[in-house]
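For the numbers below, each heavy atom of this structure counts, side chains included, while hydrogens, waters and symmetry mates do not.
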Number of protein chains: 2
Amino acid sequence: MKQEPASSTAAPRRRAGRPRSGVLDRELIARAALKLVVEGGYSTLTMSALAKSLSVSPSALYNHVESKQEIMQWIQEIVMDGVDSTVFETLSLDEALTAWAVTYRDIFAGHAPLIPLIAVLPVSGSPRTLEMYEKVAAGFTRAGWRQEDIIPAIVALESFIFGSALDATAPLDIFDPGENAGSIPNFEGALEAQRATGRNSADAAFHAGLRAIVNGLMATSRTT
Amino acid sequence: MKQEPASSTAAPRRRAGRPRSGVLDRELIARAALKLVVEGGYSTLTMSALAKSLSVSPSALYNHVESKQEIMQWIQEIVMDGVDSTVFETLSLDEALTAWAVTYRDIFAGHAPLIPLIAVLPVSGSPRTLEMYEKVAAGFTRAGWRQEDIIPAIVALESFIFGSALDATAPLDIFDPGENAGSIPNFEGALEAQRATGRNSADAAFHAGLRAIVNGLMATSRTT
DNA sequence: GTTCTAAATGAATGTCGTTCATTTACTAGA
DNA sequence: TCTAGTAAATGAACGACATTCATTTAGAAC
């Protein structure tokens, strides 16, 4: 925030290069927050718990962070780093999209509370996220897509991925009709048939849907 | 909700059929909550505000509701009623799916905070939601789909719809690269080309994605 | 009219995120 | 070495919340 052009958010810095007295900084806070989340889920991520895990008082955090939301964004950036977008450099577009989507969804299934946040957050705050988009866009371009069709395709895929990540956190018996059984024969039949396959229905849906949307997008790009 | 066998959650009841003294009941609370939400957004839906809108004290609500979450579920059921699933009785499967998805997404775009809830909530609590699934499943069955492929197809579509509804609430300039411009040529080019079309990118993505996933599903159902 | 009970009350609780006046301790300049 | 200057930590306090609970209120049933 002082003289570097890139760092967008409050990073403590002083004239000399060396770190100063403070125990805290952005990296430490972000890592501690992520650790808390990984170990105990998002409900355990409170400012007090975070402060305690850093052996500091809650108010001390506010010298480095604007709000809890900002910490969530930091976590999001770290998590997003786990998404493999190098596949676009080695695989064909449809294969790359599939591989990318799989890691994307798997990772965010463990971070569902971030999803409503990301979906609405300006990407400008996340350089690393932008790099991912660049690689994905490059993949489309290389495959000969019309420029104006690329963003909608990416957004559509992401919407599907986020929705699927949310869905992946649902209980297995989410569709159990309970006392309403009997009045919904078609649905119950379908449910039973799907159960009989032994596959997890969230996974089956994700893979079937991913195949459909990727194939569908490829077909569309040739048609229009 | 009065004498139907289905009502799963705390509904006040007494030996005789007539309503008793109390000002409150499930329907009233749900409507008042929805009204609050429609007028001021989900952040204005607090137990105190809800109680005040019903001229009652906050604690009075807890004679009829287990928790705020339960109120959210009631709202969800009312909102879900707005989704048009009669189209499956009149249109071909792909047309019906498209029409259904459009109303589904449009409606939930105005109720984004419900989405993380729904995605994870057992449907057994919502008879009317189950009826919707029944109509959708009937549409698939009528079109000759294999039973075990129906649930995954529905779930995949819903995931896309929920993701798209979340996306629809994002700010228009969400992709503005800000200070990171320059290092991401492919993405910026795609962005600019999309912008030049004059279309809202969330809408473009939804419609492109919907076409892709519907077409893709149809193709898959013939292939496998 | 007595009893039973659903329903409303209002005070209180606990958990949050967040603010702020104050203190602490390191650093730079004289 | 002394003297600011300042980033950073402290702890008490605040204001929203959802939720609980002992108590009161007022119909209905017998």
> State which residues pass side chain to side chain contact (heavy atoms under 4.5 Å, CB included) with A:T197; sequence neighbours excluded, sorted by chain then number.
A:Q194, A:R199, B:E148
> May I have the distance from A:I29 (atom CD1) to C:dG17 (atom P), rounded to whole angstrom?
14 Å
> If I take atom CD1 in residue A:I71 and atom C1' in nucleotide C:dG17, what distance separates them, rounded to the nearest angstrom?
11 Å
> In whole Å, I'd like the distance from the CG atom of A:L50 to the P atom of C:dT15.
18 Å
> Determine whether a donor-acceptor pair (one donor, one acceptor, N or O, separation below 3.5 Å) exists between the side chain of B:N63 and the base of C:dA8.
yes
> Whole angstroms only, please: what is the CG-P distance between A:L61 and C:dC20?
17 Å
> Looking at residues at least two apart in the chain, or sitting in another chain, which of them share a salt bridge (charged side-chain N to carboxylate O under 4.0 Å, His left out) with B:D203?
B:R105
> Give me the distances for all protein-to-nucleotides 17-24 of chain D N/O pairs that come in under 3.5 Å?
residue : atom : partner : partner atom : Å
D:dA18  : OP1  : B:K68   : NZ           : 2.9
D:dA18  : OP2  : B:M47   : N            : 2.8
D:dT19  : OP2  : B:Y62   : OH           : 2.7
D:dT19  : OP2  : B:K68   : N            : 2.9
D:dT19  : O5'  : B:Y62   : OH           : 3.3

> Side chain to side chain contact (heavy atoms under 4.5 Å, CB included) with A:S85: which residues, sequence neighbours excluded?
A:F88, A:W100, A:M132, A:K135
> How would you list, by chain and number, every residue that makes a ring-ring contact (aromatic ring centres under 6.0 Å, His included) with A:Y42, sequence neighbours excluded?
A:H111
> Sequence neighbours left out, what passes ring-ring contact (aromatic ring centres under 6.0 Å, His included) with B:F187? Give chain and number order.
A:Y133, B:F175
> Looking at B:E131 and B:R128, is any side-chain nitrogen of the basic one under 4.0 Å from a carboxylate oxygen of the acidic one?
no
> Think B:H64 has a side-chain N or O under 4.0 angstrom from the OP1 or OP2 of C:dA8?
yes
